[in-house]
2 protein chains.
Amino acid sequence: MPKLGAEPIRKAALINAAIFEVGRAGSLDVTVAQIARRAGMSPALAHHYFGSKEQIFLAAMRYILRTYGQSVRDALPGRGPRGRLDAIVRASFAPQNFQRETVSAWLNFYALSFVSSDAARLLRIYHCRLRSNLIVALRGLSDHPEQTADTLGALIDGVYLRTVLTPGPTDADAALTTVLSYLEEALS
Amino acid sequence: MPKLGAEPIRKAALINAAIFEVGRAGSLDVTVAQIARRAGMSPALAHHYFGSKEQIFLAAMRYILRTYGQSVRDALPGRGPRGRLDAIVRASFAPQNFQRETVSAWLNFYALSFVSSDAARLLRIYHCRLRSNLIVALRGLSDHPEQTADTLGALIDGVYLRTVLTPGPTDADAALTTVLSYLEEALS
DNA sequence: TAACGTTAATTGAGTGACCAATCAAGAACA
DNA sequence: TGTTCTTGATTGGTCACTCAATTAACGTTA
């Protein structure tokens with residue numbers, strides 16, 4: 001049933017499936033066959049479009065990064081410095097970015113950066129951008145914007161980690177409260 | 001060269017090798033052959049003593065947990081509440097517990113808890129114990145000991161994560177400073 | 001518009017590599 | 001002699017990746 005223009009649709013389906021499967025398994029140890037099956041196609045087709053499993057993972061990582069970056073950018077404009085700060089933090093816990101599978105996949109892609117230099121590059125870019133966004137937003141609010149930014153970044157990662165590890169439904173509100181309370185203390 | 005009493009020595013060597021290899025690879029995706037080779041023996045012997053790869057991982061996880069718990073206990077006695085708090089935090093960044101490979105292995109064993117219920121059990125016990133240790137130590141120092149304990153726990157995990165991801169030598173001092181500065185702010 | 005060649009989409013059936021786990025057997029000690 | 005230690009060889013299974021073949025859409029041209 002070959003309809004033309006299947007490529008972007010198939011690729012998107014594979015990326016979603018990869019995020020879901022990695023998130024579900026809690027590790028990168030998922031087979032191309034699993035991903036392809038969830039995306040509703042044969043493993044051969046997945047290889048046809050992406051060439052290798054690593055390329056699927058990298059595309060998924062880029063997708064998550066892009067989605068996150070977009071939701072930060074959407075939330076930024078037209079507020080004071082404190083508003084910008086809030087926006088960044090809130091974006092980290094917004095529903096699109098805080099599904100259990102997404103967060104779990106995200107953490108597992110961290111691990112990919114040990115093996116793949118492409119993944120390491122993506123991650124470094126993301127980290128630097130988040131850090132400089134935070135530092136800019138913190139200027140004038142904190143006495144040591146850089147230290148506060150580093151603490152805040154680490155805290156967000158840690159909360160992600162614990163969210164994934166805690167069984168049951170993810171509680172975005174609790175996570176957000178933890179981080180915002182820290183900010184409240186740090187900026188007063 | 002069969003000398004008697006090799007079992008504990010061989011097991012210890014395998015546990016060390018497993019931590020090192022998992023830490024180095026940044027994932028649980030290491031073969032029994034790799035672990036055995038680093039420990040200076042054949043893969044068959046590793047299976048002989050541990051039965052399965054999962055058992056090797058679990059033993060390594062227990063070892064890390066025991067070492068950490070011991071260094072906390074060593075540092076606890078004979079101080080005020082604030083001293084106890086410091087002791088717990090400092091133990092987390094003490095040299096035995098803060099080698100890059102150890103921290104990396106530790107984070108990867110987190111992931112094991114998705115797959116292995118034994119690993120999940122170990123992890124839950126550790127988390128509860130750390131949390132209650134922190135809450136007790138925070139009583140009288142913080143207005144909301146539980147919230148502070150959760151934030152502190154997440155922050156430590158996050159700092160671990162970032163330490164592993166940052167290339168170059170691990171900087172225990174910087175990590176410690178980040179966490180202690182947070183405490184300073186939170187308790188004032 | 002009908003016939004035809006080109007290209008995209010799709011998969012079943014491999015292939016080769018790797019790996020966890022087993023086993024039988026040898027070697028050294030008590 | 002029996003027990004512990006040790007390993008080479010083997011097995012069964014899994015998986016990433018390839019290939020050849022099929023099907024259907026599209027463009028072209030007579």
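Within every chain, numbering begins at 1; the chains are lettered A, B, ... in the order of the sequence lines, protein sequences first and strands thereafter.
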Starting at [atom1] of [X] and ending at [atom2] of [N], how long is that distance when rounded to a whole Å?
X: B:E7; N: D:dT6; atom1: CD; atom2: P; value: 10 Å
X: B:F50; N: C:dT22; atom1: CZ; atom2: P; value: 16 Å
X: A:E54; N: D:dC15; atom1: CD; atom2: P; value: 19 Å
X: B:R37; N: C:dC18; atom1: CZ; atom2: P; value: 12 Å
X: B:Q55; N: C:dT22; atom1: CD; atom2: P; value: 12 Å
X: B:H47; N: C:dA20; atom1: NE2; atom2: P; value: 7 Å

Validation row, ring centre A:W106 to ring centre A:F98 under 6.0 Å: no
From A:S181 atom OG to B:H144 atom NE2, the distance as rounded to the nearest 0.5 Å: 7.5 Å
Gap separating the CG atom of A:L183 from the CG atom of A:L152, nearest 0.5 angstrom: 5.0 Å
Do [X] and [Y] get their side chains close enough for a donor-acceptor pair, meaning under 3.5 Å?
X: B:Q34; Y: B:R37; value: no
X: B:N97; Y: B:T102; value: no
X: A:S104; Y: A:Y160; value: no

Check: B:V164 and A:Y110 side chains under 4.5 Å, non-hydrogen atoms: no
B:I35 vs B:F57 side-chain heavy atoms within contact, under 4.5 Å: yes
Identify the pairs formed between an N or O of the protein and an N or O of nucleotides 7-13 of chain D at a distance under 3.5 Å, and give each distance.
residue, atom, partner, partner atom, Å
D:dT7, OP2, B:S42, N, 3.1
D:dT7, OP2, B:S42, OG, 3.2

Near-strand residues of residues 116-123 of chain B, defined as heavy-atom separation under 4.0 angstrom from DNA chain D: none
Neighbours of DNA chain D within residues 12-33 of chain A, by heavy-atom distance under 4.0 Å: A:V30, A:T31, A:V32
Step-by-step side chain to side chain donor-acceptor pair (under 3.5 Å) determination, B:S116 to B:E54: CA-CA 8 Å; B:S116 155; B:E54 184 177 345; 2.9 Å; yes
Any A:Y49 side-chain nitrogen or oxygen under 4.0 Å from OP1 or OP2 of C:dA8: no
Salt-bridge present (B:R82, B:E184; N to O < 4.0 Å): yes
B:R10 with B:E7: basic N within carboxylate O range, under 4.0 Å: no
